[in-house]
Engineer: 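The structure is given below, and queries will be raised subsequently.
Both ligands and their constituent atoms are indexed starting at 1 by order of listing. Because the structure is a prediction, the values reported are computed rather than measured.
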Amino acid sequence: MQNKSIAQLAAELRLRTYSSVELTQHYLERIARLDPRLNSFITLASASALAAAERADQAIKSGEAGPLTGIPIAHKDIFCTKGIKTTCGSRMLENFVAPYDATVVEKLSAAGAVVLGKTNMDEFAMGSSNETSYYGPVSNPWDATRVPGGSSGGSAAAVAARLCAAATGTDTGGSIRQPAALCGITGIKPTYGRCSRWGMIAFASSLDQAGVMALSAADAAFVLDEMAGFDERDSTSANVAVPDYVDALDNDIKGLRIGLPKEYFGEGLDARVGASVQAAIEEYQRLGAEIVDISLPNSALSVPVYYVVAPAECSSNLARFDGVRYGHRCDDPKDLEDLYKRSRAEGFGPEVQRRVMIGTYVLSAGYYDAYYLKAQKIRQLIADDFARAFEQVDVIMGPTCPTTAFALGAKTDDPVSMYLNDIYTIATNLAGLPGMSIPVAPVDGLPVGLQIIGNYFEEARLLNVAHRLQHVTHWHQGAPAGFE
Ligand code: GLN
């Protein structure tokens, strides 16, 4: 059952080949047996999942089922879930139970999806390897000695290992696309504002966006159909009509103009990863697409700009965790200042502390103009590069990451080398554009991701372009050994 598409699962649930309770038990059994190898879940919600599955079975019986009714999914532990712990990968929120569901959670539950549990992640979504989690690292299902990518590493590993039919993720600088690439699954980060951020714990509010991690573009389309849309509780939510993503999957892509930015194929890209991406692009040419060489001249500035903007916003967002309102509180504080200092020093791990310090520094009176303001100006130049490119092309393609999954521990002592992992994904967030990653030919048995970037609100086109490739290739179908 775990290798079937969401469309197949939905059809078989309707035919009563099995019930949603049976399907849910099947995934819960797989999690119990296989997740000790991965650590992809922080919290399991077996009882509420089975109760939701029973309600789904009732809905199916009475003919009220939609495409996600009874389908078992998982949420990244950054989304608030009423009655189920939400830790955000941090000790700070070790015992936090939100009094409400995030909009994304609410919408998927209303669509009948069954929530199996909450997936592991880098602490407050800061990381590219899932090693900053207070709940321990996650292993890559393709090779347990390697990282799954981050920050949505738990969701990526859980989907790749077939421990859930799909999962939510969030992407501030690459956290859906990079782990999707390293775990060999399909991930989509929609346009900024496409999915509500309400109830999604904030890291860098002008960059954060929720999206889907799934086994295929078609599966992702079913989930995004239910997640996307305007929400008046999120002031940056986009009031733009949501097309039917599933309906657009089979559109013809003859004549599609694919831009290849020269900056994405230069120094730093592993040659074999580059060759695998090229092979996928040749498939697109066989499908009738045209290749256009383009340039995104400010690409090299995206990582430095991001590491000013994201920490600045993080230092402001994380100020709420002060030991007073909610979250971790130190024992026996001497006075208020001691309470703040020790609660934050104990509750936050080293990467979060580093970001808060950088952010506070770049926002401080003497440095604001030199760093933060300058970074915002370059951010506009990066967005302008894309705007010019989209005058000539329909989508932009390139690698999602410069290499395949690296070894656990390989980059933990070198933050800059860790940050460079997101060199191809970050610019998309700075511009607010949608991007996706789909698996292409592996290198030495390890997954490689092809990144597809679209113009604003062109998620339907991205999913369509991805689906057409998945229709004629098998790269998205193989399961990691031991997780078939
Ligand atoms: N890896 C990047 C970071 O550490 C992006 C994280 C993300 O997208 N949440 O900030």
Engineer: Can you name the nearest heavy-atom pair linking D77 to M121, along with the distance?
Structural biologist: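 So the minimum-distance heavy-atom pair works out to C-SD, 3.5 Å.
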Engineer: If you apply the rule side-chain hydrogen bond (donor to acceptor under 3.5 Å, both in side chains), what do you find for Q451 with T425, and how did you get there?
Structural biologist: CA-CA 8 Å; Q451 184 174 205; T425 51; 5.7 Å; no
Engineer: Identify the protein heavy atom lying closest to atom 7 (C) of ligand 1, giving its residue, its atom name and the separation to 0.1 Å.
Structural biologist: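 Checked against all protein heavy atoms, atom 7 (C) of ligand 1 sits closest to S175 OG, 2.4 Å.
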Engineer: Any idea which atoms of ligand 1 are less than 4.0 Å away from a heavy-atom of A125?
Structural biologist: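 Numbered from 1, ligand 1 contributes 6 (C), 7 (C), 9 (N).
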Engineer: Does ligand 1 have any atom sitting under 4.0 Å from a heavy atom of M418?
Structural biologist: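 The answer is no, since M418 has no heavy atom less than 4.0 Å from ligand 1.
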Engineer: Could you tell me, atom by atom, which parts of ligand 1 come under 4.0 Å of a heavy atom of Y307?
Structural biologist: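 With Y307 as reference, the close atoms of ligand 1 come out as 2 (C), 3 (C), 4 (O), 10 (O).
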Engineer: Side chain, backbone, both or neither: which applies to R355 and ligand 1 if a contact is any heavy-atom pair less than 4.0 Å apart?
Structural biologist: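 It is the side chain that touches ligand 1; the backbone stays farther off.
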Engineer: Does any N or O atom in G174 lie less than 3.5 angstrom from one in ligand 1, N or O only?
Structural biologist: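 Yes - when backbone and side-chain N and O of G174 are compared with those of ligand 1, one distance drops under 3.5 Å.
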Engineer: Does the gap between the ring centers of F348 and F124 come in under 6.0 Å?
Structural biologist: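 Centroid distance F348-F124: below 6.0 Å, so yes.
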Engineer: Kindly state whether the ring of W198 and the ring of Y100 have centres lying under 6.0 angstrom apart.
Structural biologist: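 For W198 and Y100, the ring centres are under 6.0 Å apart.
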Engineer: For ligand 1, find out whether one of its N or O atoms is nearer than 3.5 Å to an N or O atom of Y306.
Structural biologist: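 Min N/O separation from ligand 1 is below 3.5 Å for Y306.
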Engineer: Return yes or no for this condition: an N or O of S128 is under 3.5 Å from an N or O of ligand 1.
Structural biologist: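 It does: an N or O of S128 is found under 3.5 Å from an N or O of ligand 1.
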Engineer: So L469 and I438, do their side chains get closer than 4.5 Å, heavy atoms only?
Structural biologist: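 A side-chain contact under 4.5 Å exists here.
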Engineer: For ligand 1, is any non-hydrogen atom under 4.0 Å from T172's backbone (N, CA, C, O), its side chain (CB onward), both, or neither?
Structural biologist: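 The answer is both.
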Engineer: Regarding T81 and T86, is there a side-chain donor-to-acceptor distance under 3.5 Å anywhere?
Structural biologist: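 There is such a pair (donor and acceptor under 3.5 Å, judged by atom type) between the side chains of T81 and T86.
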Engineer: Ring centroids only, cut at 6.0 angstrom: are F321 and Y326 within range, meaning strictly under it?
Structural biologist: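 Yes - the distance between ring centres of F321 and Y326 falls below the 6.0 Å cut-off.
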Engineer: With no hydrogens and no angle check, is any side-chain donor or acceptor of W142 less than 3.5 Å from a backbone partner on P447?
Structural biologist: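 No: the side chain of W142 does not pair with the backbone of P447.
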Engineer: May I ask you to list the atoms of ligand 1 that are less than 4.0 angstrom from any heavy atom of S151?
Structural biologist: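 Counting atoms of ligand 1 from 1, those under 4.0 Å from S151 are 9 (N).
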Engineer: Give a yes or no answer on whether the side chain of R194 reaches the backbone of S237 with a donor-acceptor pair at less than 3.5 Å.
Structural biologist: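 Checking the backbone N and O of S237 against the side chain of R194, no donor-acceptor pair under 3.5 Å is found.
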Engineer: For atom 2 (C) of ligand 1, find the nearest protein heavy atom and state the residue, atom name and distance (0.1 Å precision).
Structural biologist: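 It is D422 OD2, 3.1 Å.
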Engineer: Considering only heavy atoms, does F203 approach ligand 1 within less than 4.0 Å through its side chain, its backbone, both, or neither?
Structural biologist: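 The answer is the side chain of F203.
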Engineer: Considering distance alone, does some N or O of G127 sit under 3.5 Å from an N or O of ligand 1?
Structural biologist: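 There is such a contact, yes.
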Engineer: D171 versus ligand 1: do any nitrogen or oxygen atoms come within less than 3.5 Å of each other?
Structural biologist: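 So ligand 1 has no N or O lying under 3.5 Å from an N or O of D171.
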